[in-house]
There are 2 protein chains.
Amino acid sequence: MSVIFSRECEYAIQALIFLAKQERNTWISIKDVAQQINIPQHFLGKIFQKLVQKGIVISQKGFSGGFKLTKDVNKISIFEVVEAIDGDGYRTKCVMGFPDCSADSPCPIHNKWKSIRDDFVKLIKSKKLFELAHEIKKPGY
Amino acid sequence: MSVIFSRECEYAIQALIFLAKQERNTWISIKDVAQQINIPQHFLGKIFQKLVQKGIVISQKGFSGGFKLTKDVNKISIFEVVEAIDGDGYRTKCVMGFPDCSADSPCPIHNKWKSIRDDFVKLIKSKKLFELAHEIKKPGY
DNA sequence: ATTTATTAAGATAATTTTGTCTTAATATAA
DNA sequence: TTATATTAAGACAAAATTATCTTAATAAAT
């Protein structure tokens with residue numbers, strides 16, 4: 001299993017970081033992205049379709065078409081990508097799975113988990129593709 | 001999807017908290033646990049089998065048999081249950097899914113995630129069934 | 001001994017997630 | 001206008017997770 005995000009979401013994050021590393025205003029094909037970051041091509045296709053619907057990337061069909069980011073790389077955060085693909089379950093559900101856990105009727109670790117989770121949400125909101133793309137220069141990424 | 005733990009693991013935690021609420025040294029049947037916390041009975045059976053193998057509970061077959069905790073309720077933490085069911089993936093894998101991320105070759109949020117994750121691990125190590133069972137008195141748990 | 005209530009364990013099924021294949025639509029280049 | 005490279009989209013398949021069903025083993029009560 002993955003840690004917090006679905007596999008799909010992990011791929012989305014990795015693919016967008018890859019896009020952010022490329023020259024601005026050029027169309028990048030699914031094939032290129034999938035090969036470079038080593039993830040299944042057609043699965044990535046579906047993921048990109050969702051990202052198009054959410055307005056994070058735009059697509060261009062046909063010869064030398066592909067995808068590019070709609071917004072500036074320092075305006076797109078991990079948080080935004082996660083919300084687009086996985087939704088908000090990771091920050092709204094009870095970490096122990098109690099169905100009735102809520103602020104009104106908190107489970108025994110509700111508040112401490114909330115505090116930790118808030119730190120995490122703050123982290124992924126603060127991290128933009130720009131920074132991520134520039135920090136990732138080592139092989140393997 | 002669940003938050004961090006698998007459904008199986010969430011059920012294990014909930015079931016053991018329920019056991020911790022019962023009178024010590026009495027056998028509690030799967031059926032009772034499953035009905036009370038509203039989870040699938042046979043699925044819970046398999047989970048308990050794993051918990052027996054890990055030495056967290058012991059079982060007694062036959063008439064008026066069931067399960068009980070092996071150790072004192074203030075000696076079993078959420079952490080222990082999670083390790084038994086889900087293993088350590090949640091605290092060892094890269095949160096963005098980069099396959100080569102490690103302390104030696106950290107992804108851009110490796111260290112900040114580690115810090116948050118360490119807080120979480122500390123939390124679930126500190127929470128014993130004893131405390132959890134006593135804090136859960138409201139309906140719905 | 002027989003009945004009954006239980007865990008143990010394996011087989012099967014349903015659901016969800018992940019991954020693949022195929023065809024259509026489309027845009028560019030030749 | 002034809003060939004080619006691409007996304008779009010749906011069907012399909014595989015794998016993993018979650019859930020159910022069935023039978024065997026076992027222990028207690030009668």
Side-chain angles (χ1 to χ4, degrees), chain A residues 1-15 19 22 26-35 37-70 82 85-87 89-90 93 97 99, chain B residues 1-15 19 22 26-70 85-87 89-90 93 97 99:
Chain A
M1 225 189 24
S2 46
V3 179
I4 291 187
F5 309 139
S6 67
R7 186 73 62 89
E8 202 182 349
C9 186
E10 291 180 352
Y11 288 164
I13 295 168
Q14 294 172 26
L19 275 197
Q22 310 310 306
T26 61
W27 298 107
I28 313 290
S29 76
I30 288 178
K31 200 175 168 190
D32 277 0
V33 179
Q35 281 176 350
I37 68 180
N38 198 37
I39 64 178
Q41 178 174 333
H42 290 89
F43 193 38
L44 182 57
K46 307 259 156 148
I47 295 171
F48 266 133
Q49 281 175 39
K50 289 189 190 176
L51 294 173
V52 168
Q53 282 164 18
K54 299 284 177 174
I56 294 175
V57 299
I58 46 174
S59 70
Q60 164 81 348
K61 281 188 180 179
F63 199 101
S64 74
F67 296 89
K68 60 185 174 187
L69 299 167
T70 53
V82 172
I85 301 295
D86 277 352
Y90 76 101
K93 289 185 187 161
Chain B
M1 225 190 22
S2 46
V3 179
I4 291 187
F5 309 138
S6 67
R7 185 75 60 91
E8 201 182 349
C9 186
E10 291 179 352
Y11 289 164
I13 294 168
Q14 294 172 26
L19 275 198
Q22 311 310 307
T26 62
W27 298 107
I28 315 289
S29 75
I30 288 177
K31 200 176 169 190
D32 279 359
V33 179
Q35 280 176 350
Q36 291 296 316
I37 66 180
N38 197 36
I39 65 178
Q41 178 174 335
H42 290 89
F43 193 38
L44 181 59
K46 307 261 157 149
I47 294 171
F48 267 133
Q49 281 175 38
K50 288 189 191 176
L51 294 173
V52 169
Q53 282 165 18
K54 299 285 177 173
I56 294 174
V57 299
I58 47 173
S59 70
Q60 165 81 349
K61 281 189 181 179
F63 199 100
S64 74
F67 296 90
K68 60 185 175 188
L69 298 166
T70 53
I85 302 293
D86 277 352
Y90 77 101
K93 289 185 188 162

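Numbered from 1 within each chain, the chains take letters A, B, ... in sequence-line order.
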Heavy atoms from C-beta onward define the side chain here; which of [options] lies closest to that of [X]?
{"X": "F63(B)", "options": "dT18(C), dA5(C), dT7(D)", "result": "dA5(C)"}
{"X": "F67(A)", "options": "dT18(D), dA29(D), dA8(D)", "result": "dA8(D)"}
{"X": "S6(B)", "options": "dA28(D), dA27(C), dT18(D)", "result": "dT18(D)"}
{"X": "H42(B)", "options": "dA27(D), dT17(C), dT20(D)", "result": "dT20(D)"}
{"X": "S59(A)", "options": "dA27(D), dT7(D), dT17(D)", "result": "dT7(D)"}
{"X": "K46(A)", "options": "dA11(D), dA8(D), dT26(D)", "result": "dA11(D)"}
{"X": "S29(B)", "options": "dT20(C), dT18(D), dT7(C)", "result": "dT7(C)"}
{"X": "Y11(B)", "options": "dT26(D), dA19(D), dG19(C)", "result": "dA19(D)"}
{"X": "F43(B)", "options": "dA19(D), dG19(C), dA5(C)", "result": "dA19(D)"}

* Structure fact -> Assert: residue with more 5' nearest nucleotide on DNA chain D, out of G65(A) and Q49(A), is G65(A)

* To do: Could you pick out which residue, S2(B) or Q41(A), lies toward the 5' side of DNA chain D when each is mapped onto its nearest nucleotide?
  => Q41(A)

Base, sugar-phosphate alone, or nothing: which one does [X] contact when heavy atoms must sit under 4.0 Å apart?
{"X": "G45(A)", "answer": "nothing"}
{"X": "F48(A)", "answer": "nothing"}
{"X": "K31(B)", "answer": "nothing"}

Atom-to-atom span, [atom1] of [X] to [atom2] of [N] - whole angstrom:
{"X": "I47(B)", "N": "dT18(D)", "atom1": "CD1", "atom2": "C1'", "value": "9 Å"}
{"X": "F5(A)", "N": "dT18(C)", "atom1": "CZ", "atom2": "C1'", "value": "18 Å"}
{"X": "I30(A)", "N": "dA8(D)", "atom1": "CD1", "atom2": "C1'", "value": "9 Å"}
{"X": "E8(B)", "N": "dA16(D)", "atom1": "CD", "atom2": "C1'", "value": "12 Å"}
{"X": "D32(A)", "N": "dT7(D)", "atom1": "CG", "atom2": "C1'", "value": "14 Å"}
{"X": "K61(B)", "N": "dT4(C)", "atom1": "NZ", "atom2": "C1'", "value": "16 Å"}
{"X": "L44(A)", "N": "dC21(C)", "atom1": "CG", "atom2": "C1'", "value": "16 Å"}
{"X": "E10(A)", "N": "dT17(C)", "atom1": "CD", "atom2": "P", "value": "14 Å"}

Report yes if a side-chain nitrogen or oxygen of [X] is closer than 4.0 Å to either non-bridging phosphate oxygen (OP1 or OP2) of [N]; otherwise report no.
{"X": "R7(B)", "N": "dT16(C)", "value": "no"}
{"X": "Q53(B)", "N": "dA8(C)", "value": "no"}
{"X": "S64(B)", "N": "dA29(D)", "value": "no"}

* **Between NZ on residue K54(A) and OG1 on residue T70(A), distance to nearest 0.5 Å** => 13.5 Å

* Asked: More 5' along DNA chain C: G62(A) or P40(A), using each one's nearest nucleotide?
  -> P40(A)

Is [Y] close to [X] at the side-chain level, that is, under 4.5 Å between some pair of heavy atoms?
{"X": "W27(A)", "Y": "I58(A)", "value": "yes"}
{"X": "V52(A)", "Y": "F67(A)", "value": "yes"}
{"X": "Y90(A)", "Y": "M1(B)", "value": "no"}

* **F5(B) to I13(B) - nearest heavy-atom pair and separation** => CD1-CD1, 3.9 Å

* How close do L44(B) and I30(B) get, heavy atom to heavy atom, and via which atoms? -> CD2-O, 4.0 Å

